[in-house]
Structure formats: structure tokens, C-alpha cells
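Position 1 is the first residue of the sequence; numbering continues from there. Counting starts at 1 for both ligands and their atoms, following the listed order. All values below come from the heavy atoms of this structure, side chains included, with hydrogens, waters and symmetry mates left out.
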Amino acid sequence: MDYPAHIAQKLFSRIQGAYGMEIEGLEGFLETPPDPSLGDYAFPCFKLSKALRAAPPKIAQTLAEGFAADEYIAKLECAGGYLNFFLNQAAFAAAVLDEVLQKGEKYGASGEGQGRVVCIDYSSINIAKRFHIGHLSTTMIGNALKNLYNHLGYKSVGINHLGDWGTQFGRMIAAYLKWGSREMVEEGGVKALMALYVRFHEEVENDKSLEDEGRFWFKKIEEGDAQALEIFAWFKELTLKDAARVYETLGVSFDSYAGESFYNDKMGRVVDELRQKGLLVESQGAYVVDLEAEKMPPCIILKKDGATLYATRDIAAALYRKDNYDFAKSLYVVAYQQDLHFRQVFKTIEKMGYDWAADMEHVSFGMISYEGETLSTRKGNVVYLEDVLEKAVEKARAIMEEKSPELEGKDEVARQVGIGAVIFFDLFNSRIKDIDFYWDRVLNFDGETGPYVQYSHARCCSVLRRGEGVPQVPDYEGLNNPQALAVLRALERFPQVLREACQRNEPYLVARFSVELAQAYNRFYYEHQILGESAGVSAARLRLTRAAQAVLRLSLSLIGIQAPERM
Ligand code: ARG
């Protein structure tokens, strides 16, 4: 039931009847009154005073006269220049609950994105580096966006644009051949690779010739030397194996791992096209796209030695994605530090004459600090994500042990709660805000947290288990109270929340929504008896509980979090 459309339709005919005018778009003027006692929808008549040449209160009165109540609208009141509509509670409850329970996991789904592709570049880790807590946001925001777009009917393509190209890999091979061994790296994995890299940087201080060795090996990679490629491929494999464990724990996956090196043979086109379109200019031996008119430093395409850059690869990748996926949108979930980089890349593509440059968006996000400390790989102040996740599960387990020692399958629940808490915390604020990760906030069961929402969901499940066998003949009078109404309103709002989350690429709207729904349900739960009322009232309240349970579960799942049935 689309209430705004229904009200707009009724208003339309009243205006036609009373003023002989046809006014479209009335639906867009409807507002939600600040206080529920003023009604469920309000129509501000001053929006019509120009067209109808009358004062708002007069219009309100005229339209109210002869306005017939129906099965959906119980009554209408004039308040100054406003018309306030009061819904028929029972019909509203039935409409919302029918919709939620019929659609189930598909509630809020739409065909909005039918036939449209969204490319999402997220996580995009670097080879020979371990996954640290700084990678959490890109990974989880990207994953949530992927789920959300799919829910709205888009076809999303998840891309892990691996950082697998650059001179540092020459240094790494040099370091490996000098100080490493197969066994040592086989055993130590990415940690061993990182140790080798650190050693390289320490020793190069005293022995500058090491730089030449690094350059030598990178050149070998570029030339396709078999030994260099073999070692490099092995480093890559180790890194991906390491990351796969984390991705599995987080429940994240990708459709493509085409990283920077994938574009090696696709860069010629970029350079040729830029040159041919007169965009490539020489600058101190390098070739750049001048962006002075756009008040940006030039976008460097080729270095003096002819080597390509990060930006060159991103331009090649954008062209490739457009050709290959014909995206309607192409998103880059990358920290705000790369803001300038993406503005330069997008602008360059626009200058190449591609109007789809406007469909690319840098979905940026803030930094994360850990227990009050800012993190820096360079200063060796790193917190590895795997350690954080492990600790989260351990802590969740200790809490479960204390709260519900009898719980079956405690290990699995602790895993879902621990991991869920970390993900939820990461997604709870608008992207651009920096995140201060503190354990006592992440795992606070009473705050606005993942565990709180999961706990509310488990509460619904438990109510439903206890209510099994209650005959399903709902009497919606049982939901005629402000607390139930607040739950219904939240449920009704959900599809709109999903649309807005995609429009703004902000999964936090869904995380916030889940907290609001949980809070609304909990207030209802504390104020009203669910079981042991008349069968009809209990049935209605159980139906509300079932819908809240379904939508809590769905909200969490869309942002990548599981919802245990018992906690
Ligand atoms: N690997 C890069 C980094 O860690 C992020 C890559 C983001 N994606 C892109 N298409 N540039 O900084």
C-alpha cells in the first residue's frame, strides 16, 4: 500500500472538484508531522496558494470539506494551513506486515537497477603486505554496497584492484635473493616478505648499491624474465592465500582480481589516445596531462624513463571496465587520502571526451585509529586485521560464557557476534568520519552496536519460539499503540532507507536503521505483553515480532553481518 500516492490521488480529485484545476506532483509535498499526535501525514497547503490564489487556511478548509474517509484514511484535520491525515491503524498495520512477510528476504528489493551494472572497486590490497585494520573500511563498505545494489536489482561487479606493480617488488626480489630462502618464506608467508622488505630499507642506508639491485630486478619483471616472474607470482600467491583467510572470515568475495599488472598490455592505448587527442604534454622529460585550468597538479602518465604510473593504470582500468562491463556506475571505495588522485583520473577521462566520466565516483572514507593510537605502517605501528578479528571472537566468547553459559553452539555464536561487532562498528558512521576503535565500544551489548542489534534479533526469535501454536488470526487493535506504531513506521521506511543508502553510497544508513528498528521493537517489547493476551491480540503482536525479526536479519545481512537465532 502506497499511502502517499493514495493521499495524493484523493487530494487531486478534491482540488479538481473544488477549484476545477488539475495539479500534479502532490505526493512530493507530503510531510511527516513532527509529533505523531498531529497525524501520520501532513499536507502544507501554502504549496498551493499561488496556483489556487487563496490563503493556505482557506484552502485547507475547502479541501477538508467533503473529504471522505475510507478504509485507509480514518480521518482528516485542518490545522492552520495544514491538512493532517490520520491513517486507519488496523489497515496500516495489515498493509505493512503483509508486505514485509510476503516479500521476506526480498523486502525492499526493487527493479530500479534492472539491466544496469555497477562496478565496485574495493579492498584492493597490495602484494606482500598483510591485511591490517586500515583495510577494514574499504572491504566492508564495498561489500555492503555490493549487497545493497544487488538488492535493488543492479548487477554489481566486485573488483579487487590488486596493488601488484611497482619498483618495490624489484627491491623485494633483491632482498629475497640476498637474505631469504624458500623455506623461510614458505614458512613465514607474508610476514617473512615484510621482514625482508624492512631489512632492505635498513641496509640500503649503508649500501646504496642495493637500490641498483632493486631497479635491476624490477626491470627484469618488466621484461618478463622467467626467474623474476616466477618469484613475483609466488609472492602474489602467498599474499592472496593470506588475504583469502581474512575474506572468508569476513564473508567477503570478489568477481575479479584484475590488479595493476593486469593493465600492463593495455596502457599503450591510453598513451596513444591521449597523444592523439592532444592532451599529452612533455614536462621535464615526463609526459603529463595538464590540469592547471582545473586547479590541479598535472596527471603524470609516463615517467622520464617511460614507466607508467598508478594513475596511468587507473585510466586504463576505467576504460577497460567501461568496455568490458558497460557500467552505469563505477565506484572506487578508497580512503580520502587518494582524493586528488581520483579527481585527476576522472578529469583526464572527461578530457578524453568520455561523458561516462560522470558515472565514476570516489567513495571515500576516513581513517581508523586503534585504542587511541594512530596507525602507520611506516612507523611500524600496525594492527593486523586477523588479530583484531580473533580477539573479537575471543571477547565475544567470554561475554557469552558469562551471559548465557548454557547456550548451544557457543563457538559459532561467538564468531558471529565478534566478527559482526567489528564490521558493525566500522559501518556505523558516515564514511568520511574517522573511526576510533575502542574494544569497550565495539562489544557493548547495550550501545548502538552490532551485538545490540543481534541481541534484539535473537529476542524476536525467542518470542516467536514461545508463541508457536498461537492461532494466526490477528486482531490489529493489538497494535494500536504508539510503540507498535513506531515499529510499523520503521518497517515501512526500510525500502526508502535502502534507496538512499545506494544513492549516497552510504551503508551506515542501513546500520543506523537496524539500531532504530531494534530500539523501537525493544520499547514495544517492554511496554506490551505479547503472549497471554486474547488470541487475536497475541497473534497481531507475534506478526509484528516476526516482521521485525525478518527486517533486522535482512538489514544485518545486507551490511555483511550474520544474525544468530539464540544468544
Ligand atoms: N592498492 C591501493 C592502495 O592500497 C588502492 C587501490 C584502489 N583502487 C584503485 N583503482 N586505485 O592504496
Can you produce the list of protein nitrogen or oxygen atoms under 3.5 Å from a nitrogen or oxygen of ligand 1, alongside each distance?
from, atom 1, to, atom 2, distance (Å)
ligand 1, 1 (N), S124, O, 2.9
ligand 1, 1 (N), N126, OD1, 2.8
ligand 1, 4 (O), N126, ND2, 3.1
ligand 1, 8 (N), D121, OD1, 3.2
ligand 1, 8 (N), D121, OD2, 3.4
ligand 1, 10 (N), D121, OD2, 2.8
ligand 1, 10 (N), D314, OD1, 2.8
ligand 1, 11 (N), Y310, OH, 2.7
ligand 1, 11 (N), D314, OD2, 2.7
ligand 1, 12 (O), Q338, NE2, 2.8

Could you tabulate the donor-acceptor pairs under 3.5 Å formed by side-chain atoms of residues 510-518, not counting sequence neighbours?
from, atom 1, to, atom 2, distance (Å)
R512, NE, F428, O, 3.1
R512, NH2, F428, O, 3.1
R512, NH2, N429, OD1, 2.7
S514, OG, A511, O, 2.7
E516, OE1, R493, NH2, 2.9

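Proximity of E211 to V204: side-chain heavy atoms (C-beta onward) are separated by under 4.5 Å at one or more points.
Salt bridge annotation for E213-K178: present, with a cationic side-chain nitrogen under 4.0 angstrom from a carboxylate oxygen. Here E350 pairs with K347 in a salt bridge; the nearest charged N to carboxylate O distance falls below 4.0 Å.
The six-membered or imidazole ring of F131 lies near that of Y247, with a centre-to-centre distance under 6.0 Å. For Y332 and F346, the gap between ring centers is short of 6.0 Å.
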